[in-house]
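Only one structure is covered here, and it is reproduced in the block below.
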Amino acid sequence: MTADFHRIRRLPPYVFEEVNRIKARLRGQGVDIIDFGMGNPDMPTPQHIVDKLVETSRDPRSGRYSASKGIPGLRKAMAGYYDRRFGVKLNPDTEVISTLGSKEGFANLAQALTAPGDVIICPNPAYPIHAFGFIMAGGVIRHVPALSPEQYLSNISRAVKHSVPPPSVLILSYPSNPTAQTVDLDFYKDAVALAKKHDLLVISDVAYGEIYFEDNPPPSILQVDGAKDIAVEVNSLSKTYAMAGWRVGMVVGNARICAALARVKSYLDYGAYTPVQVAAAAALNGPQDCVEEIRGIYKGRRDTLVSSMKRAGWDIPNPPASMFAWAKIPPQFEAAGSMLFSRLLIEEAGVAVAPGIGFGEYGEGYVRIGLVENEHRIKQAARNVKKFIANADQILAKAHNSLDQG
């Protein structure tokens, strides 16, 4: 019995694995790698949140099973956040589900909504769970180019027309991972109208909604009148409060979709450790100056990345939001493609990035750069990149010779 299991066969090779393997090998040899490859917040969780976790964990009853859809206090805190931030009223009992991070929420939404063969409209490039959550659930992905929000929206009707059976779900994700693009409320109004016209449910991912840099907070799709008729939003505390490892997310909006997710989750988990949920409620209900501080750190890193890489000879667009920059491969390496470029960059310059092809075919020619190293390390990376670009001809010749011999 050597064949892969059915669901495993539906998953392609993990594109990032080659870069991760090289990274591990070089680190094993003592090489200092400046790692922009993974969107893993490196700053500490604010102290008042940690203190609430510690305080609650001392209660001997805290180790018991919790509710799979989240304790009432956390769901109320999540509803309160949506009211303050977006002016959106949510019923914490029927329109809010706490999840084990946004990724788990998204994957279990796919399980709840998808019948085998259902067609899902997904942006490309996109965060991998947006497509593969549905693929694992038995769905079929209709990829729509999304190198700009306008391109994505304008091609949705065509995708519906040429899909059999008709699509059932539309995925949105702004601020976008990996492209860092943002949209305004008019975009969501058009998206809701389009979804209603074509009888689509909408899942909107706003995990990076609090990481913005231009004093222009990203909106929520739920601010659109009638959006709750068809839409839910997936959100997370991971980036907002530097709580990635805590695994606290939420799905909010349409009550029917939330009920379906709650039922699926009731069979799969008992919810996060209660002190984690209590601390998450403290994060949402407590002082928010820590959010501004975290946002400011990412902005400083963004500005340093863009300016120092420009001096190094690599023009990186200024991302308006998220913890990523989405950059075209330098012209000297354009023909190499994103996978080879990323491999050479880590081997020759000690700088790790995520190859764009890992986010879909329309990500080819780009790389994603995470703002997860401090400004000193970013400047060092830029110095390494400057030498890397200056020696492009020799590096590419060496790589091609190695491929020919291999």
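Numbers here simply count residues along the sequence, with the first being 1. Just so it is clear, the values below take in all heavy atoms, side chains as well, and ignore hydrogens, waters and symmetry mates.
Remark: side-chain polar atoms of Gln277 are paired, donor with acceptor, to backbone N or O of Ile71 under 3.5 angstrom. In terms of modelled atom types and a separation under 3.5 Å, the side chain of Thr179 and the main chain of Ser176 share no donor-acceptor contact. In terms of modelled atom types and a separation under 3.5 Å, the side chain of Arg75 and the main chain of Val96 share no donor-acceptor contact. Distance alone, capped at 3.5 Å, places no donor-acceptor pair between the Arg142 side chain and the Ile120 backbone. Using modelled atom types, no side-chain atom of Asp118 and backbone atom of Thr114 make a donor-acceptor pair closer than 3.5 Å.
A heavy-atom distance below 4.5 Å is not found between the side chains of Ser308 and Trp314. In this structure the side chain of Thr182 never reaches within 4.5 angstrom of the side chain of Ser322, judged on heavy atoms. Side-chain contact check for Met323 versus Val372: some heavy-atom pair is nearer than 4.5 Å. When side chains are defined from C-beta on, Ile121 does not count as touching Ile171, because their heavy atoms never get closer than 4.5 Å. Within the 4.5 Å cutoff, side-chain heavy atoms of Ile49 are placed close to those of Met243.
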- [ ] Applying side-chain hydrogen bond (donor to acceptor under 3.5 Å, both in side chains), run through Asn108 and Glu104 and close with a yes or a no.
- [x] CA-CA 6 Å; Asn108 279 324; Glu104 175 268 315; 2.5 Å; yes
TODO: List the steps, then state whether side chain to side chain contact (heavy atoms under 4.5 Å, CB included) holds for Leu90 with Asp83.
DONE: CA-CA 8 Å; Leu90 294 168; Asp83 191 7; over 6 Å; no
TODO: Would you check, one step at a time, whether the test side-chain hydrogen bond (donor to acceptor under 3.5 Å, both in side chains) holds for Thr240 with Glu210?
DONE: CA-CA 6 Å; Thr240 304; Glu210 293 299 343; 5.8 Å; no
TODO: Please assess Met339 against Val19 for the test side chain to side chain contact (heavy atoms under 4.5 Å, CB included), listing each intermediate value before the final yes or no.
DONE: CA-CA 8 Å; Met339 194 69 229; Val19 173; 3.7 Å; yes
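The pair Glu347-Arg343 meets the salt-bridge criterion, with a side-chain N (NZ, NE, NH1 or NH2) lying under 4.0 Å from an Asp/Glu carboxylate O. Ion pairing between Asp42 and Arg301 holds under the 4.0 Å rule for side-chain N and carboxylate O. Between Glu348 and Lys398, at least one side-chain nitrogen of the basic residue sits less than 4.0 Å from a carboxylate oxygen of the acidic one, meeting the salt-bridge criterion. With respect to the salt-bridge test (charged N to carboxylate O, under 4.0 angstrom), the residues Glu214 and Arg302 qualify. Salt bridge Glu334/Lys328: absent, no basic N to carboxylate O contact under 4.0 Å. A salt bridge does not link Lys197 with Asp190: every distance from a Lys NZ or Arg NE/NH1/NH2 to an Asp or Glu carboxylate oxygen is 4.0 Å or more. One finds a salt bridge joining Asp35 and Arg27 here, because a Lys/Arg side-chain nitrogen approaches an Asp/Glu carboxylate oxygen to under 4.0 Å.
Counted by atom type alone, Tyr81 and Gln288 present zero donor-acceptor pairs between their side chains at under 3.5 Å. In this model, no donor atom of one side chain and acceptor atom of the other lie less than 3.5 Å apart for Ser148 and Gln181. Looking only at atom types and distance, the side chain of Arg383 has a donor-acceptor partner in the side chain of Gln380 under 3.5 Å away. Side chains of Glu364 and Ser338: a donor-acceptor N/O pair is present below 3.5 angstrom, by distance only.
Atom OG of residue Ser68 and atom CG of residue Leu268 lie 9.0 Å apart, to the nearest 0.5 angstrom. Put simply, NZ on Lys103 and OG on Ser236 are 12.0 Å apart, with the number rounded to the nearest 0.5 Å. Taking OG of Ser342 as the reference point, atom CD1 of Ile329 lies at 6.5 Å (rounded to 0.5 Å). To the nearest 0.5 Å, atoms OH (Tyr267) and CD (Gln111) are separated by 14.5 Å. Atom NZ of residue Lys379 and atom CG of residue Asn374 lie 10.0 Å apart, to the nearest 0.5 angstrom. Rounding to the nearest 0.5 Å gives a distance of 8.5 Å between CG of Leu109 and OG1 of Thr99.
Applying the side-chain contact (heavy atoms from CB on, under 4.5 Å) test between Ser163 and each of Pro165, Pro167, Pro166 identifies Pro167 as the sole match. Screening Thr45, Leu100, Leu237 against Trp246 for a side-chain contact (heavy atoms from CB on, under 4.5 Å) leaves a single residue, Thr45. The side-chain contact (heavy atoms from CB on, under 4.5 Å) with Ile346 is formed by just one residue from the set Val31, Ile33, Asn20, Val351; it is Ile33.
Cation-pi geometry between Arg295 and Tyr212 is met: the NZ or CZ atom falls under 6.0 Å from the ring centre, inside 45° of the normal.
For CZ of Arg256, the number of neighbouring non-hydrogen atoms (other residues, nucleotides, ligands) closer than 6.0 Å is 12 at most. His162 NE2: more than 12 foreign heavy atoms inside a 6.0 Å radius. More than 12 heavy atoms of other residues, nucleotides or ligands shown are found within 6.0 angstrom of NZ on Lys23.
Ring orientation note: the planes of Tyr270 and Tyr65 are close to parallel, at an angle under 30° on the 30°/60° scale. In this structure, Tyr208 and Phe324 have perpendicular ring planes: the angle between them is above 60°, well past the 30° mark. Ring orientation note: the planes of Phe388 and Phe333 are close to parallel, at an angle under 30° on the 30°/60° scale.
With sequence neighbours excluded, no residue forms a salt bridge (Lys or Arg N to Asp or Glu O under 4.0 Å) with Asp51.
For Trp326 and Phe36, the gap between ring centers reaches or exceeds 6.0 Å. A centroid separation of 6.0 Å or more is found between the aromatic rings of Tyr127 and Phe106.
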Throw together a table of side-chain donor-acceptor distances under 3.5 angstrom for residues 217-234, partners on residues two or more places apart or in other chains.
from   : atom 1 : to     : atom 2 : distance (Å)
Ser220 : OG     : Leu222 : N      : 3.0
Ser220 : OG     : Glu233 : OE1    : 2.6
Ser220 : OG     : Glu233 : OE2    : 3.4
Gln223 : OE1    : Ser220 : N      : 2.7
Lys228 : NZ     : Lys89  : O      : 2.9
Lys228 : NZ     : Glu95  : OE1    : 3.1
Lys228 : NZ     : Glu95  : OE2    : 3.2
Asp229 : OD2    : Lys196 : NZ     : 3.0
Glu233 : OE1    : Tyr82  : OH     : 2.8
Glu233 : OE2    : Ser204 : OG     : 3.3
Glu233 : OE2    : Ile221 : N      : 3.2

